[in-house]
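Note that the numbering runs from 1 along the sequence shown for the chain. Remember, it's a predicted structure, so these values are computed and weren't measured experimentally.
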Amino acid sequence: MAKIILTGDRPTGRLHLGHFVGSLRRRVELQNSGEFDRIFIMIADAQALTDNADNPEKVRQNIIEVALDYLSVGLDPAKSTLFIQSQVPELCELAFYYMNLVTVQRLQRNPTVKAEIQMRGFAEGAVEGDTTQRQGIPVGFFTYPISQASDITAFRATTVPVGEDQEPMIEQTREIVHKFNAVYGETLTMPEILLPDNAACLRLPGTDGKAKMSKSLGNCIYLSDTADEVKKKVMGMYTDPDHLRVEDPGKVEGNTVFTYLDAFSRPEHFAKYLPEYASLDELKAHYRRGGLGDVKVKRLLIAILNETLDPIRERRHYYEARIGGVYDILRRGSETARAAAAETLADVRRAMKIDYFEDEALIAEQARQYAASER
(Lines give C-alpha, C1' and ligand atoms only; values in the text may rest on other atoms or scores of the structure.)
Protein backbone atom coordinates (compact mmCIF):
# COMPACT_ATOMS: atom_id res chain seq x y z
CA MET A 1 0.00 0.00 0.00
CA ALA A 2 1.24 3.49 -0.89
CA LYS A 3 2.14 5.73 2.05
CA ILE A 4 0.17 8.96 1.73
CA ILE A 5 -0.14 12.04 3.94
CA LEU A 6 -3.10 14.41 4.13
CA THR A 7 -3.05 17.44 6.38
CA GLY A 8 -3.95 21.11 6.24
CA ASP A 9 -5.04 24.33 7.91
CA ARG A 10 -8.02 26.68 7.93
CA PRO A 11 -7.30 30.04 6.23
CA THR A 12 -8.58 32.29 8.98
CA GLY A 13 -5.33 34.17 9.54
CA ARG A 14 -1.58 33.93 9.40
CA LEU A 15 -0.02 30.77 10.82
CA HIS A 16 1.83 30.96 14.14
CA LEU A 17 4.42 29.09 16.17
CA GLY A 18 1.76 26.73 17.49
CA HIS A 19 1.12 25.59 13.92
CA PHE A 20 4.87 25.39 13.32
CA VAL A 21 5.77 23.06 16.18
CA GLY A 22 2.47 21.21 16.09
CA SER A 23 2.50 20.30 12.41
CA LEU A 24 4.39 22.48 9.91
CA ARG A 25 7.91 21.58 11.02
CA ARG A 26 7.02 17.90 11.02
CA ARG A 27 5.43 18.16 7.58
CA VAL A 28 8.66 19.48 6.11
CA GLU A 29 10.63 16.68 7.78
CA LEU A 30 8.22 14.06 6.45
CA GLN A 31 8.23 15.66 3.00
CA ASN A 32 12.01 15.48 2.85
CA SER A 33 12.28 12.01 4.38
CA GLY A 34 11.49 10.22 1.14
CA GLU A 35 9.31 7.76 3.08
CA PHE A 36 5.99 8.84 1.56
CA ASP A 37 4.69 8.27 -1.93
CA ARG A 38 2.39 11.30 -1.97
CA ILE A 39 1.79 14.28 0.32
CA PHE A 40 -1.37 16.40 0.09
CA ILE A 41 -1.51 19.66 2.04
CA MET A 42 -4.84 21.43 2.00
CA ILE A 43 -5.90 25.01 2.60
CA ALA A 44 -9.28 24.22 4.17
CA ASP A 45 -11.30 27.21 3.01
CA ALA A 46 -14.62 25.32 2.81
CA GLN A 47 -14.18 24.28 6.42
CA ALA A 48 -13.29 27.85 7.40
CA LEU A 49 -16.57 29.04 5.88
CA THR A 50 -18.56 26.84 8.29
CA ASP A 51 -18.13 29.54 10.94
CA ASN A 52 -17.26 32.46 8.68
CA ALA A 53 -20.10 32.28 6.16
CA ASP A 54 -20.95 35.91 6.88
CA ASN A 55 -17.38 37.02 6.22
CA PRO A 56 -16.12 35.23 3.08
CA GLU A 57 -13.64 38.01 2.38
CA LYS A 58 -11.74 37.06 5.53
CA VAL A 59 -11.29 33.53 4.19
CA ARG A 60 -10.55 34.76 0.67
CA GLN A 61 -7.77 37.11 1.79
CA ASN A 62 -6.16 34.52 4.04
CA ILE A 63 -5.70 31.91 1.30
CA ILE A 64 -2.54 33.68 0.22
CA GLU A 65 -1.36 34.15 3.83
CA VAL A 66 -1.49 30.41 4.49
CA ALA A 67 0.07 29.61 1.11
CA LEU A 68 2.95 32.01 1.83
CA ASP A 69 3.46 30.44 5.26
CA TYR A 70 3.49 26.95 3.72
CA LEU A 71 6.12 27.88 1.17
CA SER A 72 8.17 29.91 3.63
CA VAL A 73 8.56 27.03 6.12
CA GLY A 74 9.93 24.85 3.32
CA LEU A 75 6.98 22.94 1.88
CA ASP A 76 8.03 22.22 -1.69
CA PRO A 77 5.40 22.04 -4.46
CA ALA A 78 7.71 19.63 -6.29
CA LYS A 79 7.36 17.18 -3.39
CA SER A 80 4.00 18.07 -1.83
CA THR A 81 0.66 18.87 -3.46
CA LEU A 82 -0.60 22.20 -2.10
CA PHE A 83 -4.27 22.76 -2.91
CA ILE A 84 -7.45 24.64 -1.96
CA GLN A 85 -10.26 22.53 -0.52
CA SER A 86 -13.15 24.28 -2.30
CA GLN A 87 -11.54 23.64 -5.67
CA VAL A 88 -12.05 19.88 -5.22
CA PRO A 89 -15.86 19.49 -5.35
CA GLU A 90 -15.58 15.71 -5.07
CA LEU A 91 -14.96 16.25 -1.35
CA CYS A 92 -18.48 17.62 -0.87
CA GLU A 93 -20.05 14.61 -2.56
CA LEU A 94 -18.07 12.18 -0.42
CA ALA A 95 -19.08 14.03 2.75
CA PHE A 96 -22.73 13.87 1.70
CA TYR A 97 -22.57 10.07 1.45
CA TYR A 98 -20.70 9.74 4.76
CA MET A 99 -23.42 11.70 6.56
CA ASN A 100 -25.63 8.62 6.32
CA LEU A 101 -23.09 6.66 8.38
CA VAL A 102 -22.90 9.01 11.41
CA THR A 103 -25.59 9.80 13.97
CA VAL A 104 -26.34 13.21 15.45
CA GLN A 105 -25.61 11.76 18.90
CA ARG A 106 -22.13 10.66 17.80
CA LEU A 107 -21.30 14.12 16.52
CA GLN A 108 -22.53 15.62 19.78
CA ARG A 109 -20.13 13.42 21.72
CA ASN A 110 -17.08 14.55 19.75
CA PRO A 111 -15.01 16.50 22.35
CA THR A 112 -13.23 18.55 19.68
CA VAL A 113 -16.55 19.69 18.23
CA LYS A 114 -17.85 20.58 21.71
CA ALA A 115 -14.70 22.55 22.49
CA GLU A 116 -14.81 24.39 19.15
CA ILE A 117 -18.51 25.25 19.59
CA GLN A 118 -17.75 26.81 22.97
CA MET A 119 -14.60 28.57 21.78
CA ARG A 120 -16.37 30.16 18.80
CA GLY A 121 -19.32 31.32 20.88
CA PHE A 122 -22.09 29.28 19.28
CA ALA A 123 -25.12 28.62 21.45
CA GLU A 124 -28.38 26.87 20.65
CA GLY A 125 -30.31 28.67 23.39
CA ALA A 126 -28.89 32.15 22.99
CA VAL A 127 -31.35 34.89 23.89
CA GLU A 128 -32.36 37.13 21.01
CA GLY A 129 -30.28 40.27 21.08
CA ASP A 130 -27.48 38.68 23.13
CA THR A 131 -24.39 39.83 21.24
CA THR A 132 -22.07 37.70 23.39
CA GLN A 133 -23.35 34.51 21.72
CA ARG A 134 -23.67 33.54 18.07
CA GLN A 135 -27.18 32.39 17.27
CA GLY A 136 -27.27 28.63 16.83
CA ILE A 137 -24.76 26.13 15.51
CA PRO A 138 -24.49 26.03 11.70
CA VAL A 139 -25.08 22.53 10.34
CA GLY A 140 -21.90 22.79 8.30
CA PHE A 141 -19.86 23.53 11.39
CA PHE A 142 -21.55 20.79 13.40
CA THR A 143 -20.77 18.21 10.70
CA TYR A 144 -17.21 19.23 9.94
CA PRO A 145 -15.80 15.97 11.37
CA ILE A 146 -17.61 14.28 8.46
CA SER A 147 -16.12 16.77 6.03
CA GLN A 148 -12.70 16.08 7.50
CA ALA A 149 -13.24 12.35 6.99
CA SER A 150 -14.01 13.11 3.36
CA ASP A 151 -10.78 15.08 3.01
CA ILE A 152 -8.69 12.30 4.53
CA THR A 153 -10.25 9.39 2.68
CA ALA A 154 -10.46 11.14 -0.69
CA PHE A 155 -6.69 10.97 -1.00
CA ARG A 156 -6.39 7.49 0.56
CA ALA A 157 -4.29 8.99 3.34
CA THR A 158 -2.48 6.46 5.49
CA THR A 159 -0.99 9.10 7.79
CA VAL A 160 -2.47 12.29 9.22
CA PRO A 161 0.02 14.47 11.17
CA VAL A 162 -1.94 16.64 13.62
CA GLY A 163 -1.89 17.96 17.17
CA GLU A 164 -3.40 16.04 20.05
CA ASP A 165 -6.58 18.16 19.98
CA GLN A 166 -7.43 16.53 16.66
CA GLU A 167 -7.32 12.94 17.94
CA PRO A 168 -11.14 12.73 18.32
CA MET A 169 -11.51 13.89 14.73
CA ILE A 170 -9.22 11.19 13.38
CA GLU A 171 -11.00 8.60 15.51
CA GLN A 172 -14.31 9.66 13.96
CA THR A 173 -12.79 9.31 10.49
CA ARG A 174 -11.65 5.81 11.37
CA GLU A 175 -15.18 4.96 12.50
CA ILE A 176 -16.59 6.18 9.19
CA VAL A 177 -14.03 4.17 7.23
CA HIS A 178 -14.84 1.05 9.25
CA LYS A 179 -18.59 1.52 8.81
CA PHE A 180 -18.35 2.20 5.07
CA ASN A 181 -16.13 -0.81 4.44
CA ALA A 182 -18.38 -3.03 6.54
CA VAL A 183 -21.50 -1.98 4.64
CA TYR A 184 -20.17 -1.60 1.09
CA GLY A 185 -17.00 -3.70 1.01
CA GLU A 186 -13.33 -2.81 1.39
CA THR A 187 -13.06 0.54 -0.38
CA LEU A 188 -11.62 3.23 1.90
CA THR A 189 -8.14 3.39 3.43
CA MET A 190 -7.86 3.39 7.22
CA PRO A 191 -5.74 6.39 8.35
CA GLU A 192 -3.35 6.55 11.30
CA ILE A 193 -2.69 9.66 13.38
CA LEU A 194 0.86 10.98 13.71
CA LEU A 195 1.37 13.15 16.79
CA PRO A 196 4.36 15.43 17.47
CA ASP A 197 7.18 13.47 19.12
CA ASN A 198 8.13 16.37 21.40
CA ALA A 199 5.68 16.64 24.30
CA ALA A 200 6.09 20.44 24.39
CA CYS A 201 4.90 20.57 20.79
CA LEU A 202 1.62 18.77 21.41
CA ARG A 203 -0.04 22.05 22.29
CA LEU A 204 2.12 25.16 22.52
CA PRO A 205 0.55 27.66 24.95
CA GLY A 206 -0.12 31.26 24.11
CA THR A 207 2.27 33.98 25.17
CA ASP A 208 -0.17 34.79 28.00
CA GLY A 209 0.12 31.28 29.42
CA LYS A 210 -3.33 30.26 28.19
CA ALA A 211 -3.60 26.60 27.21
CA LYS A 212 -3.74 27.26 23.48
CA MET A 213 -2.16 29.77 21.15
CA SER A 214 -5.09 31.32 19.32
CA LYS A 215 -5.53 34.15 16.87
CA SER A 216 -8.80 35.13 18.54
CA LEU A 217 -7.09 35.46 21.95
CA GLY A 218 -4.31 37.66 20.56
CA ASN A 219 -1.60 35.54 22.19
CA CYS A 220 0.25 34.36 19.07
CA ILE A 221 3.73 34.74 17.69
CA TYR A 222 3.30 34.55 13.93
CA LEU A 223 5.75 33.01 11.49
CA SER A 224 5.74 36.31 9.61
CA ASP A 225 6.45 38.46 12.68
CA THR A 226 9.54 40.67 12.47
CA ALA A 227 12.47 40.20 14.83
CA ASP A 228 11.31 43.26 16.81
CA GLU A 229 7.77 41.90 17.09
CA VAL A 230 9.10 38.58 18.38
CA LYS A 231 11.25 40.40 20.94
CA LYS A 232 8.32 42.47 22.18
CA LYS A 233 6.02 39.44 22.52
CA VAL A 234 8.60 37.31 24.32
CA MET A 235 9.50 40.09 26.75
CA GLY A 236 5.82 40.26 27.69
CA MET A 237 5.48 36.50 27.99
CA TYR A 238 3.93 34.82 31.03
CA THR A 239 6.48 33.19 33.38
CA ASP A 240 6.21 32.31 37.08
CA PRO A 241 4.08 34.95 38.86
CA ASP A 242 5.83 34.14 42.15
CA HIS A 243 9.32 34.71 40.72
CA LEU A 244 9.45 38.36 41.73
CA ARG A 245 13.20 38.79 42.31
CA VAL A 246 16.21 37.26 40.60
CA GLU A 247 17.24 35.44 43.77
CA ASP A 248 13.80 33.83 44.23
CA PRO A 249 13.41 30.15 43.32
CA GLY A 250 11.26 29.81 40.19
CA LYS A 251 8.89 27.26 38.76
CA VAL A 252 9.66 25.77 35.36
CA GLU A 253 6.41 23.80 35.10
CA GLY A 254 3.69 25.98 33.60
CA ASN A 255 6.26 28.65 32.78
CA THR A 256 5.59 29.59 29.16
CA VAL A 257 9.16 30.67 28.41
CA PHE A 258 10.53 27.27 29.40
CA THR A 259 7.78 25.49 27.48
CA TYR A 260 8.91 27.35 24.36
CA LEU A 261 12.54 26.49 25.11
CA ASP A 262 11.50 22.83 25.36
CA ALA A 263 9.94 23.12 21.91
CA PHE A 264 12.65 25.13 20.13
CA SER A 265 16.03 24.91 21.85
CA ARG A 266 18.81 22.54 20.82
CA PRO A 267 22.11 21.80 22.62
CA GLU A 268 24.09 23.93 20.17
CA HIS A 269 22.03 26.99 21.07
CA PHE A 270 23.60 27.10 24.52
CA ALA A 271 27.15 27.08 23.20
CA LYS A 272 26.15 29.91 20.85
CA TYR A 273 23.97 32.14 23.02
CA LEU A 274 24.48 31.12 26.67
CA PRO A 275 27.80 29.24 26.97
CA GLU A 276 27.76 29.27 30.79
CA TYR A 277 25.11 26.56 30.58
CA ALA A 278 25.74 23.21 28.93
CA SER A 279 22.09 22.39 28.39
CA LEU A 280 18.49 23.37 29.00
CA ASP A 281 18.46 21.08 32.04
CA GLU A 282 21.23 23.15 33.65
CA LEU A 283 19.35 26.35 32.92
CA LYS A 284 16.17 24.93 34.47
CA ALA A 285 18.07 23.77 37.57
CA HIS A 286 19.51 27.26 38.10
CA TYR A 287 16.08 28.86 37.69
CA ARG A 288 14.53 26.44 40.19
CA ARG A 289 17.10 27.14 42.91
CA GLY A 290 17.04 30.91 42.34
CA GLY A 291 19.58 33.41 41.09
CA LEU A 292 18.43 33.46 37.46
CA GLY A 293 16.22 36.28 36.19
CA ASP A 294 13.40 36.03 33.68
CA VAL A 295 14.96 38.60 31.36
CA LYS A 296 18.06 36.48 30.78
CA VAL A 297 15.96 33.44 29.94
CA LYS A 298 13.71 35.49 27.66
CA ARG A 299 16.71 36.90 25.78
CA LEU A 300 17.85 33.36 25.08
CA LEU A 301 14.41 32.47 23.75
CA ILE A 302 14.34 35.60 21.57
CA ALA A 303 17.67 34.65 20.00
CA ILE A 304 16.54 31.06 19.34
CA LEU A 305 13.17 32.06 17.89
CA ASN A 306 14.66 34.65 15.57
CA GLU A 307 17.30 32.18 14.42
CA THR A 308 14.47 29.77 13.63
CA LEU A 309 12.34 32.37 11.87
CA ASP A 310 15.05 34.15 9.85
CA PRO A 311 15.12 31.64 6.94
CA ILE A 312 11.32 31.49 7.02
CA ARG A 313 11.12 35.27 6.70
CA GLU A 314 13.64 35.21 3.84
CA ARG A 315 11.64 32.63 1.85
CA ARG A 316 8.42 34.51 2.54
CA HIS A 317 9.87 37.72 1.10
CA TYR A 318 10.86 35.77 -2.03
CA TYR A 319 7.32 34.48 -2.58
CA GLU A 320 5.67 37.78 -1.62
CA ALA A 321 7.30 39.20 -4.75
CA ARG A 322 5.81 36.37 -6.84
CA ILE A 323 2.13 36.21 -5.83
CA GLY A 324 1.01 35.19 -9.31
CA GLY A 325 3.39 32.25 -9.15
CA VAL A 326 2.00 31.23 -5.76
CA TYR A 327 -1.52 31.07 -7.23
CA ASP A 328 -0.16 29.00 -10.13
CA ILE A 329 1.22 26.53 -7.56
CA LEU A 330 -2.18 26.34 -5.88
CA ARG A 331 -4.01 25.96 -9.21
CA ARG A 332 -1.80 23.08 -10.34
CA GLY A 333 -2.00 21.47 -6.92
CA SER A 334 -5.80 21.71 -6.89
CA GLU A 335 -5.98 20.04 -10.31
CA THR A 336 -3.76 17.21 -9.09
CA ALA A 337 -5.81 16.85 -5.90
CA ARG A 338 -9.07 16.80 -7.83
CA ALA A 339 -7.85 14.00 -10.08
CA ALA A 340 -6.88 11.91 -7.03
CA ALA A 341 -10.20 12.57 -5.27
CA ALA A 342 -12.13 11.69 -8.42
CA GLU A 343 -10.56 8.22 -8.43
CA THR A 344 -11.69 7.60 -4.85
CA LEU A 345 -15.16 8.96 -5.56
CA ALA A 346 -15.49 6.59 -8.51
CA ASP A 347 -14.61 3.67 -6.21
CA VAL A 348 -17.13 4.88 -3.61
CA ARG A 349 -19.89 5.23 -6.22
CA ARG A 350 -19.11 1.75 -7.50
CA ALA A 351 -19.18 0.28 -3.99
CA MET A 352 -22.50 2.00 -3.23
CA LYS A 353 -23.92 0.82 -6.58
CA ILE A 354 -24.73 4.33 -7.79
CA ASP A 355 -22.37 4.24 -10.78
CA TYR A 356 -25.37 3.62 -13.05
CA PHE A 357 -23.94 4.79 -16.35
CA GLU A 358 -20.64 2.95 -15.88
CA ASP A 359 -22.29 -0.33 -14.80
CA GLU A 360 -22.56 -2.03 -18.17
CA ALA A 361 -23.47 -5.35 -16.54
CA LEU A 362 -26.50 -3.73 -14.84
CA ILE A 363 -27.68 -2.18 -18.09
CA ALA A 364 -27.20 -5.44 -20.02
CA GLU A 365 -29.00 -7.52 -17.37
CA GLN A 366 -31.98 -5.17 -17.22
CA ALA A 367 -32.11 -5.04 -21.01
CA ARG A 368 -32.33 -8.85 -21.05
CA GLN A 369 -35.04 -8.83 -18.37
CA TYR A 370 -37.25 -6.41 -20.22
CA ALA A 371 -36.61 -8.08 -23.57
CA ALA A 372 -37.74 -11.41 -22.05
CA SER A 373 -40.89 -9.83 -20.63
CA GLU A 374 -41.82 -8.55 -24.08
CA ARG A 375 -41.81 -12.11 -25.35
In this structure, CZ of R10 is separated from CG of L15 (nearest 0.5 Å) by 12.0 Å
Are the aromatic ring centres of Y184 and Y97 under 6.0 angstrom apart? no
Salt bridge (charged side-chain N to carboxylate O under 4.0 Å, His left out) partner of R349, chosen from E358, E90, E93: E93
About how many Å separate CG of D69 and CZ of R316, when rounded to the nearest 0.5 Å? 4.5 Å
How close do Q85 and S147 get, counting heavy atoms only, and between which atoms? NE2-OG, 3.8 Å
Are side-chain heavy atoms of F258 and L283 found at a separation under 4.5 Å? yes
So does E314 get a backbone contact from the side chain of H317, meaning a donor-acceptor N/O pair under 3.5 Å? no
Would K210 and N219 satisfy side chain to side chain donor-acceptor pair (under 3.5 Å), going step by step from the backbone distance to the final call? CA-CA 8 Å; K210 294 277 179 21; N219 61 1; over 6 Å; no
Residue set satisfying salt bridge (charged side-chain N to carboxylate O under 4.0 Å, His left out) with E186, at least two apart, ordered chain then number -> none
Would you call the rings of Y98 and F180 parallel, tilted or perpendicular if under 30° counts as parallel and over 60° as perpendicular? perpendicular
Check F40 against A337 and note the closest heavy-atom contact, atom names and distance. CE2-CA, 4.1 Å
Which heavy-atom pair separates A67 from V326 by the least distance, and what is that distance? CB-CG1, 3.8 Å
Side-chain contact test, heavy atoms from C-beta onward, threshold under 4.5 Å: evaluate it for I43 versus L82 and give yes or no. no
Can a donor-acceptor pair be found, under 3.5 Å and without considering hydrogens, that links the side chain of D225 to the backbone of Y222? yes
